[in-house]
Amino acid sequence: MTQRHPSGAKVRPAFPARLVSVEPVAASGGKLASIRGYTQSHVAPIGVGLDSGAVRQKMVAKIAQGGVNHPRVLAALAAIDRDRFVDSALVNQAYEDTSLPIGLGQTISKPSVVARMLALLCDGVAGRAGRVLEIGTGCGYQAALLGQLFDEVYSIERLRGLHDKARDNLRHLRLANVHLLFGDGMQGYAKGAPYVGIIAAAGGEAIPACWLNQLAVGGRLVAPVCAAALNGGEQALVVVDKTAQGVRQTMMETVRFVPLKSGVA
Ligand code: SAH
């Protein structure tokens, strides 16, 4: 059945099998809540405090102090409740600047790193128009943030258990523009291409050529890559800008992400 975005635009068909598209948020219409104006609509989990919105503001303030000052990224971080994406035993740490286990040996990145990567992505993409691709849905937290920042988000995960978990975690947000896909992100997702932005949450030996092929001219890719030049196979964040003249690659700081693996499981 053809699905429609609230704007009336057709939602692209699913690949390989599953496309999660839920109803738009009635209260906010899916729009960004402003940092100051944000109010929490659900009961905060025990341990996070009575108002997880306030805890989130503190997290955002620290991230801003740490140097990420992209207003839209900070607003997205203030709007999305990270505590809803981690296991109940870890909610106390949901707003600390730390990576946390999300099951199946994978981790949700620490918020400052997520913020940094999103700011790099947004800096390289003019406005919010167009589709973005996320490789490595994990628990769905970054997909939710991307959903606040871009018109259409395709997020692909190779582990069925996490793909399902992300779908459950995202349900309460009702983001009609976030599409979860189960598959091998090493192949990208050709049906959604070209993308104005591609962001990977797992690091491989190199950037797969198909990611660059699926990136729009004028688009930006942000990914951790195991750089041969670095000690002991350390990873560095790499930014790739695709222009009409070719691709320009910039190495940023070292990072630590889970490995990019091929195939599904
Ligand atoms: N953005 C996620 C981070 C998850 S960790 C979050 O907010 O939670 C990185 C994820 O990348 C893991 O879930 C891992 O299974 C996934 N991954 C690794 N290789 C992949 C591939 N080839 N295709 C899709 N997902 C992959």
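In what follows, residues are counted from 1 in the order of the sequence shown. First listed ligand is number 1; within each ligand, the first listed atom is number 1.
- Side-chain contact of E134 with S155: a donor-acceptor pair under 3.5 Å is present, judged by distance alone.
- With a heavy-atom cut-off of 4.0 Å, A143 does not touch ligand 1 at all.
- Ranking the protein heavy atoms by distance from atom 9 (C) of ligand 1 puts A201 O, 3.3 Å first.
- Not a single N or O atom of I135, backbone or side chain, sits closer than 3.5 Å to an N or O atom of ligand 1.
- Using a 4.0 Å cut-off between charged nitrogen and carboxylate oxygen, R220 and D241 count as a salt-bridge pair.
- Atoms of ligand 1 lying under 4.0 Å from any heavy atom of K261, numbered from 1 in the order shown and given with element: 18 (C), 19 (N), 20 (C), 21 (C), 22 (N).
- Near L162, the atoms of ligand 1 lying under 4.0 angstrom from a non-hydrogen atom of the residue are 13 (O).
- The closest side-chain heavy-atom distance from R116 to L237 is below 4.5 Å.
- Shown here for C122 and R72, the closest heavy-atom pair between the two residues is SG-NH1, 4.4 Å.
- Considering only heavy atoms from C-beta on, R131 comes within 4.5 Å of P194 through its side chain.
- Backbone and side-chain nitrogen or oxygen atoms of G185 are examined, and one is located within less than 3.5 angstrom of a nitrogen or oxygen of ligand 1.
- For the pair R82 and Y95, the cation-pi criterion (under 6.0 Å, within 45° of the ring axis) is not fulfilled.
- Both the backbone and the side chain of L260 come within 4.0 Å of ligand 1, judged by heavy-atom distances.
- Sorted by first then second residue, the ring pair (Phe, Tyr, Trp, His ring centres under 6.0 Å) pairs that include residues 105-144, not counting sequence neighbours, are F85-Y141.
- Heavy-atom proximity to I156, at under 4.0 Å, picks out these atoms of ligand 1: 24 (C), 25 (N).
- At a threshold of 4.0 Å, the pair K110-E96 does not count as salt-bridged, since none of the basic side-chain nitrogens sits closer than that to a carboxylate oxygen.
- Remark: among candidates R82, R158, H163, K165, the nearest residue to atom 17 (N) of ligand 1 is R158, based on non-hydrogen atoms.
- For ligand 1, the atoms lying closer than 4.0 Å to a non-hydrogen atom of L159 are 15 (O).
- In the vicinity of E134, heavy-atom distances shorter than 4.0 Å reach the ligand 1 atoms 1 (N).
- Looking at Q106 against ligand 1, only its side chain comes within 4.0 Å, counting heavy atoms.
- H172 places a side-chain heavy atom less than 4.5 Å from the side chain of D81.
- Each of the atoms 11 (O), 18 (C) of ligand 1 lies under 4.0 Å from some heavy atom of A202.
- For atom 7 (O) of ligand 1, the closest non-hydrogen atom on the protein side is Q142 N, 3.2 Å.
- The atoms of ligand 1 that sit less than 4.0 Å from any heavy atom of V258 are 5 (S), 9 (C).
- With respect to the salt-bridge test (charged N to carboxylate O, under 4.0 angstrom), the residues R167 and D164 qualify.
- Side-chain atoms of D97 and S112 include a donor-acceptor pair closer than 3.5 Å.
- In T137, the part holding a heavy atom less than 4.0 Å from any atom of ligand 1 is the backbone.
- Interface atoms of ligand 1 facing T107, defined by a heavy-atom separation under 4.0 Å, are 3 (C), 4 (C), 5 (S).
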